[in-house]
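To start, the structure itself, in structure tokens.
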Amino acid sequence: MQISINGNDKNFDAETMSINALIAHMNLVGKRIAIERNGEIVPRSQFDQVMVCQGDQLEIVGAVGGG
Amino acid sequence: MNEKNEMNDALVIAGKSYHSRLLVGTGKYKDFTETRAAIDASGAQIVTVAIRRTNIGQNENEPSLLDYLPPDEFTYLPNTAGCYSADDAVRTLRLARELLDGHKLVKLEVLGDPKTLYPNVIETLAAAKTLVSEGFDVMVYTSDDPIIAKQLEDIGCCAVMPLASLIGSGMGILNPWNLQIIIENAKIPVLVDAGVGCTADAAIAMELGCEGVLMNTAIAAAQNPVLMASAMKKAIEAGRESYLAGRMPKKLYSASPSSPTTGLITGNG
């Protein structure tokens with residue numbers, strides 16, 4: 001499948017995977033992040049259940065320095 | 001002001017008390033160690049953070065701001081810096097709330113122009129309405145227009161934060177008269193946000209009756225940010241105490257000596 005993550009297209013062998021699996025794949029385990037899938041926030045409690053699939057658009061954000 | 005009042009002189013925002021009236025940003029520092037040192041020196045309890053796309057495929061051991069400023073030590077104030085529409089601002093803060101485990105206190109700013117970073121008050125009003133209806137505690141950055149400030153209060157924002165001058169400009173307080181009108185009209189805390197350049201600016205804001213000051217560049221862009229952070233802490237405290245003490249009335253062309261006018265050894269007596 002091909003999905004868009006933070007505006008960049010990414011290809012995966014799997015046809016679908018959970019958000020948690022994706023986080024592991026992206027080396028983001030343990031990072032404080034929030035995720036939006038196709039414009040809808042995915043609550044952290046649902047990272048195991050929500051699956052990403054072909055064409056999904058994901059935004060993965062964190063807190064950075066700012067004023 | 002007696003000692004008891006001094007002890008009780010807390011800044012209250014959305015029902016929570018803070019002993020520090022200096023709120024600081026976390027951007028523009030050399031590194032996270034300097035960020036932390038400056039914020040410690042400032043005594044700030046509320047720190048702003050920006051919400052940005054996570055670097056994908058970067059070093060997984062790369063330190064993050066949260067490692068240096070643990071959310072259990074500070075009150076985070078996620079901002080909407082860089083947002084030019086109400087929709088983008090609301091979207092950003094919904095993500096922030098998820099990111100920070102349901103945290104409700106946010107700083108709303110909707111910009112109108114990348115050159116001046118001047119706020120777009122129309123979009124700001126629209127975003128504020130949505131955010132308040134969704135249960136956010138909204139501290140809102142705005143222009144120094146007293147009417148807009150009042151409208152933002154009426155919408156239900158928990159604090160209104162007019163600019164002193166443009167973001168990052170260090171130009172100081174350009175219109176103290178407008179700030180005074182905003183403060184006199186407000187029933188919620190008024191904080192100056194943006195434009196403070198030096199300690200004098202911060203003290204003047206507090207002497208005008210602001211409940212606090214939010215700054216980033218004035219500290220981060222100083223030659224010695226940690227020392228400036230310490231100076232700002234004192235300026236805010238001094239300005240607040242001066243405001244509470246009540247300044248002497250100005251008496252132009254009416255000098256009044258502080259020493260007795262009798263018992264002088266000179267004279268013709």
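Letters go in sequence order (proteins before strands), and every chain restarts at 1. Note that these values count all heavy atoms, side chains included, but never hydrogens, waters or copies made by symmetry. The structure displayed is predicted, hence computed values, not measured ones.
- If you measure heavy-atom distances from Lys107(B) to chain A, the contacts under 4.5 Å come from the side chain alone.
- Of the atoms belonging to Leu100(B), heavy atoms from both backbone and side chain fall under 4.5 Å from chain A.
- When heavy atoms are compared at a cutoff of 4.5 Å, Ile60(A) approaches chain B by way of both its backbone and its side chain.
- Of all non-hydrogen atoms in Leu28(A) and Thr54(B), the two that sit nearest each other are CD2-CG2, 3.8 Å.
- Between Leu99(B) and Arg44(A), the closest heavy-atom pair is O-NH2, 3.1 Å.
- Surrounding CD of Glu40(A) are at most 12 heavy atoms belonging to other residues, nucleotides or ligands under 6.0 Å away.
- Ionic pairing of Arg32(A) and Asp67(B) is not present here: no N-O contact between side-chain nitrogen and carboxylate oxygen is shorter than 4.0 angstrom.
- Here the rule is side chain to side chain contact (heavy atoms under 4.5 Å, CB included) with Glu36(A), and of Arg94(B), Glu98(B), Arg91(B) only Arg91(B) fits it.
- Arg53(B) places no side-chain N or O within donor-acceptor distance of the main-chain N or O of Val61(A), the cut-off being under 3.5 Å.
- With a 6.0 Å radius and a threshold of 12 heavy atoms from other residues, nucleotides or ligands, Glu237(B) has its CD atom above the threshold.
- Of the two parts of Ile41(A), only the side chain, counted from C-beta on, holds a non-hydrogen atom closer than 4.5 Å to a non-hydrogen atom of chain B.
- The contact between Val42(A) and chain B is made entirely by backbone atoms, counting heavy-atom distances below 4.5 Å.
- Within 6.0 Å of atom CE in Met17(A), more than 12 heavy atoms from other residues, nucleotides or ligands are found, so the atom counts as buried in its surroundings.
- Ranked by heavy-atom pairs shorter than 4.5 Å toward chain A, the options Ile51(B), Leu95(B), Leu65(B) are led by Leu95(B).
- Heavy atoms of other residues, nucleotides or ligands lying less than 6.0 angstrom from CD of Gln54(A) number more than 12.
- The environment of Asp72(B) atom CG is dense: over 12 non-hydrogen atoms of other residues, nucleotides or ligands sit within 6.0 angstrom.
- Asn216(B) and Gly67(A) get closest at one heavy-atom pair: OD1-CA, 3.1 Å.
- The two residues Ala50(B) and Gly65(A) have their closest heavy-atom pair at CB-O, 4.0 Å.
- In this structure, the side chains of Val49(B) and Val64(A) stay at 4.5 Å or more apart for every pair of heavy atoms.
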